[in-house]
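Everything on this sheet refers to the single structure shown next.
Below, chains carry the letters A, B, ... as their sequence lines are ordered, and counting in each starts from 1. What's counted below: heavy atoms across the whole structure, side chains too, no hydrogens, waters or symmetry copies.
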2 protein chains.
Amino acid sequence: MNIEYHLDRVDYDILRLMQENARINNADIARELGMAPSAILERVKKLEQKAVILQYNAKINPAALGQKLLSFIFIRAADGIGCATTGQALAAIPEVQEVHDIAGDDGYLVKVRTADSAALVELMRSSFAKIPNIISTRTTIVLETVKEEQKLVIPSEQQE
Amino acid sequence: MNIEYHLDRVDYDILRLMQENARINNADIARELGMAPSAILERVKKLEQKAVILQYNAKINPAALGQKLLSFIFIRAADGIGCATTGQALAAIPEVQEVHDIAGDDGYLVKVRTADSAALVELMRSSFAKIPNIISTRTTIVLETVKEEQKLVIPSEQQE
DNA sequence: GCTGAAAGTCGCCAGGT
DNA sequence: ACCTGGCGACTTTCAGC
């Protein structure tokens, strides 16, 4: 399945504006791009429908919710080839923000946010331990996050 | 500097709704919570001002922009203690989505999105190579992303 | 695919409790 | 901190090109 996207300059401009501030209104986008608001609305709906725009998120300060510890955990699993059970079990844990199937060690890289190290240990004892195929884990603690964004590089000129 | 946040149940509800859909309007939030829109507006503005809400993002499908490769790169640097030069240089690269200062190997964990492996190599040759203090790098390729969200766990009942 | 107009809502700011 | 009320602006739909 290889869906083809046909995005033009206006689409890129919309994506760029939306990526900077998802709460920008259609009228402002329209003014910025010199078009009618109804045209923008039409395009945005198509971008959503084509799953180019996946969702709109508010980025919340983790410290405000007392979630001061960020960790990356490498997990080796005994899954068979193409078996995604362990990955899905990991993804089901709310504190787990990301689960990536990585090359090399038939394993996963997982990003986890907890209040502190005690909460991390508790999470691993309670949730991770219940996942059958996990062989071993290696945890890396983040001391400080310098940058954390989901923003993609959007083509700036020309292109179709 | 340890800012104190005083979030109550209504704030958590607002954050929960905003986190699910940042483009929800004040009137809908107000209806959901049984309050007047003006009260919601007031609270949202305070949450923004207190940096509880950091920003509103549109999550864009990387495949739609041809960015099919996700990689994590461990970088060892010769920075002195508390010297953040290398981290900032890494953060300045647009393809770099995340830079974390990690414990253990006086190094950084960096998350990078590129079109393909050729683009990654090119990026490392052109951008990374210009950062003086980098000693070595170890790259981990993501085969498949099972989950990728920034959503935090928000307290669901009681609490102040 | 875009424009322009019309109807329905909403954002936002008073003022008051 | 919250509600009510009101005006200007926005959203959304639809006809027409």
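- Protein atom CD1 of B/Ile24 is 15 Å distant from nucleotide atom C1' of C/dT9, rounded to whole Å.
- For A/Ala27, taking side-chain heavy atoms from C-beta onward, the closest of the listed nucleotides D/dT13, D/dC10, D/dC3 is D/dC10.
- Between A/Asn25 and D/dA9, a side-chain N or O to OP1/OP2 separation shorter than 4.0 Å is absent.
- The phosphate of D/dT13 has OP1 or OP2 within less than 4.0 Å of a side-chain N or O from A/Lys45.
- For the pair B/Arg23 and B/Ala36, both in contact range of DNA chain D, the more 5′-proximal nearest nucleotide belongs to B/Ala36.
- We find that CZ of B/Arg43 is positioned 4 Å from P of D/dC2, with the value rounded to whole Å.
- Protein atom CZ of A/Arg31 is 16 Å distant from nucleotide atom C1' of C/dT3, rounded to whole Å.
- Here the shortest heavy-atom pairing between B/Ser71 and B/Ile141 reads OG-CD1, 3.7 Å.
- Using a 4.5 Å heavy-atom threshold, the side chains of B/Ile75 and B/Phe128 count as touching.
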Test salt bridge (charged side-chain N to carboxylate O under 4.0 Å, His left out) applied to A/Glu32 and A/Arg16, step by step:
CA-CA 12 Å; A/Glu32 189 86 27; A/Arg16 183 172 43 78; 5.9 Å; no
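- Of the candidates D/dC3, D/dA1, C/dT3, D/dC3 carries the atom nearest the B/Ser38 side chain, counting heavy atoms from C-beta on.
- In this structure, A/Lys46 reaches the C/dG1 phosphate: one of its side-chain N or O atoms is under 4.0 Å from OP1 or OP2.
- Under the 4.5 Å side-chain criterion, counting only non-hydrogen atoms from C-beta, A/Val96 is not in contact with A/Ile73.
- Summarising the geometry, the separation between CG on A/Asn26 and P on C/dC10 is reported as 15 Å, rounded to the nearest angstrom.
- The CG atom of B/Asp28 sits 14 Å away from the P atom of D/dT11 (whole-angstrom rounding).
- Between B/Ile29 atom CD1 and C/dC10 atom C1' the separation is 13 Å, expressed in whole Å.
- When rounded to the nearest whole Å, the span between CD of A/Glu42 and P of D/dT13 equals 11 Å.
- With distances taken from any side-chain atom of A/Met35 to the nucleotides C/dT3, D/dC10, C/dC12, the minimum falls on C/dT3.
- One can place CG of B/Leu41 at 16 Å from P of D/dT4, the figure rounded to the nearest angstrom.
- A heavy-atom distance below 4.5 Å is found between the side chains of A/Thr139 and A/Met124.
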